[in-house]
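The block underneath contains the structure these notes are about, expressed in structure tokens.
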Amino acid sequence: MTITEHTELIRRFSDDFTALQEAVLAHMNGICAPEAAAALEHASLTGPITVVLAHADVLARGAVRRAELSAQLPERLRRLRTHARRVRRARSQAEARYKEQRARRPAGRSRPVDTLELRVARTTSPAAFAEALRQELRHRGLPDGTPQAPESDLARWAWDRQTAGGEPPAPVRELRDCDDDAFVRALLRDAREEENPHLPHDAVAERWSRHARAALAWGRYAIGRAERDALACPLPARRTRLDALDDAYQDTAVLAARSREALLRVTELHDRMRACVTTGPLAELVAQCRTAALTRFADAEPEVWHGVRELTARHRAHCPERADGCPHCHRALAAVLADAPPAGTGEEGDSDHPTATLPADVDRYALLADLPDTAVVAVADAAVGDESARCGYGWAAEDGTTGHGDSLASGSGEAEVIGICVAALSLLEHHEDAPVVLLCDSTEAVDAVDAALRSADPTAAHRTLLFPESRQLMDRLVRHHHRVQVRWLKGHIGHDLNETADAFARLALRRATGRIPPSAARKEETRILRSLGSGAGPLPVAA
């Protein structure tokens, strides 16, 4: 194969999504032509390969799910599952290769390494040096922030100066200026109707990457609803519902691919922003600001500065890398100045966070010692699947009541919130005037519910709650904010109620997705209840 032919094949794969995906899957199955296999090794295709495999992964899982719900022959189902496992493995390998390639890339910085004194001072007293740099930037009329692209104001200022060339096109401005919900709707249209060529524009690429996860969650939501509709039909009547499920998987596959593409685009944008800050005139300006900031630091922290100068002078006398400016030595020198003992070598009892030694049955209830005797305490948990937004939740209370069910959630945090809300609302109904305390092992869920209860405003939890099901539950719960508390409980430490809630959540998810027959589900439910109430007889189950 000639170099020209090789280049043409790489260009074709770069421009043709379908051709690249076919070649990648053929290579995965060992049937790829040698010239195509050689082209796939080119560094420029490492990122695009992760995009096509994100798409293929969702489609492969969709094919398995349709086969499961249509009761196809076991041999075909085995083949589909084998293919799905291969695609998932190939996707993981491709993403690992992309990360490895990124890690090997040279930083591309032409700016000289900062002086050793500056780097030691900055590492030893980061807050003091940052304040000195802020003062210097303000003195020069520059934005605040350390020049660390792409996060800082200074980096953004430099990038805007370099790229200023008039307003972007009207469709880009519309994407840039619309609210978040409208932007997510635009991403859904991009996947379901027609690809939007303006999303990769520098003005909106970061926003695209930031909201691609929410758009993908709505794709999984569509899968969950279609799956639920299919399971509600008798097997012979599922054909139309399964076609709708196929459509949902197709859309979600595009959303997954576009989400990955957005990540590649914003990574490339950040590389260019970083180059803007670390090369050319701005790099010289940054160096001047840092040098001047070091003078300000020395005036503000004379004792620290004296130690820095003495230590660096002694170090240079024998460092083998002194000719290169001791590029890797500043952290070790800063540690000497800070006189910080290595982690894990302190005397017993010196740690700020001693290991708990209380017996498990005492420690697990320590967080409830301040509650009144009338409080009703329960633990909620949730389980989420990979393919769709279907989730299961379960809860168990100290008074013996339990409950479980299923819903739709964008992730584990939202699913845990649903479990907390359902449990709390059920207990509020059955325990008039008593305070209700819900424990949960998800910090995200606890923080979201606590914020909503403290503010008596359900919108305080909307960063975690994406779907209408959870938002409606939170609206109902907040009406009782004066009677409900939520607290964090470490999971899987042998807490009986936590283990019961977890078992119910996993059972609810299996039942909701049709992966356990009704008779087996009833037996499993009985087993869980007996495990919780051993010696006390059957426990009631709240619907």
Side-chain angles (χ1 to χ4, degrees), residues 6-61 83-109 148-151 187 190-191 195 199-202 204-217 219-220 252-278 386 411:
H6 185 75
T7 303
E8 285 299 322
L9 194 51
I10 293 171
R11 185 178 296 114
R12 182 190 169 209
F13 286 158
S14 297
D15 297 338
D16 190 333
F17 181 92
T18 302
L20 178 60
Q21 187 171 80
E22 289 174 352
V24 168
L25 294 179
H27 188 263
M28 179 191 75
N29 291 317
I31 57 173
C32 185
E35 59 272 18
L40 291 176
E41 294 298 319
H42 197 268
S44 66
L45 294 177
T46 305
I49 286 173
T50 67
V51 175
V52 300
L53 283 171
H55 183 268
D57 182 25
V58 176
L59 291 184
R61 286 186 281 130
H83 174 71
R85 284 194 296 269
R86 285 179 180 170
V87 174
R88 175 58 64 90
R89 186 164 53 248
R91 179 182 181 181
S92 298
Q93 291 169 348
E95 291 177 356
R97 184 187 172 204
Y98 173 75
K99 290 179 181 178
E100 182 181 347
Q101 183 189 87
R102 291 273 315 158
R104 290 200 306 264
R105 291 182 61 180
R109 297 183 178 182
Q148 179 64 42
E151 294 84 2
L187 297 186
D190 169 77
E195 184 173 312
L199 286 170
H201 194 281
D202 285 353
V204 293
E206 289 176 303
R207 193 178 194 193
W208 181 22
S209 181
R210 193 165 57 248
H211 289 289
R213 189 183 184 100
L216 183 56
R220 296 177 66 245
T252 305
V254 177
L255 286 165
R258 293 292 269 169
S259 177
R260 185 69 193 179
E261 184 181 348
L263 177 63
L264 299 183
R265 291 283 184 177
V266 82
T267 300
E268 185 265 339
L269 171 62
H270 288 174
D271 284 346
R272 287 186 281 124
M273 291 177 66
R274 191 169 288 108
C276 172
V277 173
T278 57
D386 290 332

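No experiment lies behind these values; they were computed from the predicted model shown.
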So do Val51 and Leu20 actually touch side chain to side chain, heavy atoms under 4.5 Å? no
What is the distance from atom CG of Leu199 to atom NE2 of His211, rounded to the nearest 0.5 Å? 11.5 Å
Tell me which pairs pass ring pair (Phe, Tyr, Trp, His ring centres under 6.0 Å) where either residue lies in residues 16-44, with sequence neighbours left out. Phe17-His55
Please find the pair of heavy atoms, one from Val58 and one from Ala256, that lie closest to each other, and give the distance. CG2-CB, 3.8 Å
Taking all non-hydrogen atoms of both residues into account, name the closest pair between Leu9 and Glu35 and its distance. CD2-O, 3.5 Å
Just jot down the side chain to side chain contact (heavy atoms under 4.5 Å, CB included) partners of Ala84, sequence neighbours excluded, or say none. Ala60, Val64
Greater than 12 external heavy atoms within 6.0 Å of Arg213's CZ: no
Could you tell me if the side chain of Leu45 sits less than 4.5 Å from the side chain of Val24, heavy atoms only? no
Would you call Glu100-Arg104 a salt bridge at under 4.0 Å N-O? yes
Output the distance between atom CD (Gln21) and atom CG (Leu59), rounded to the nearest 0.5 Å. 6.5 Å
Side chains of Asp271 and Arg102: does their closest heavy-atom pair fall under 4.5 Å? yes
For Leu255 and Leu187, work out which heavy atoms get closest and say how close. CD2-O, 3.9 Å
Is a donor on one side and an acceptor on the other found under 3.5 Å between the side chain of Ser209 and the backbone of Ala205? no
Distance, nearest 0.5 Å, that separates CZ of Arg220 from CG of Asp386: 7.5 Å
Basic-acidic side-chain contact under 4.0 Å: Arg258, Glu261: yes
Whether Arg91 and Glu95 form a salt bridge (side-chain N of Lys/Arg under 4.0 Å from carboxylate O of Asp/Glu) is what I want to check. yes
Measuring from atom CD of Gln93 to atom CD1 of Ile49, what distance do you get when rounded to the nearest 0.5 angstrom? 11.5 Å
With side-chain contact (heavy atoms from CB on, under 4.5 Å) as the criterion, how do Leu25 and Val52 come out once you've worked through the C-alpha distance, each side chain's angles and the decisive distance to 0.1 Å? CA-CA 9 Å; Leu25 294 179; Val52 300; over 6 Å; no
Measure the CZ-CG distance between Arg89 and Asp57 for me, rounded to the nearest 0.5 Å. 12.0 Å
Side-chain touch Tyr98/Thr267, heavy atoms, less than 4.5 angstrom: yes
For a quick test of reading the model, state the closest non-hydrogen atom pair linking Ser44 to Ile10 and the distance between them. OG-CG2, 3.7 Å
Of all heavy-atom pairs linking Phe13 and Ala39, the shortest is CE1-CB, 4.0 Å
Roughly how far, to the nearest 0.5 Å, is the CG atom of Leu264 from the OG1 atom of Thr50? 4.5 Å
Heavy-atom nearest pair, Cys32 first then Ala37, reads SG-N, 3.5 Å
Do NZ/NE/NH1/NH2 and the carboxylate oxygens of Glu268 and Arg265 come within less than 4.0 Å? no
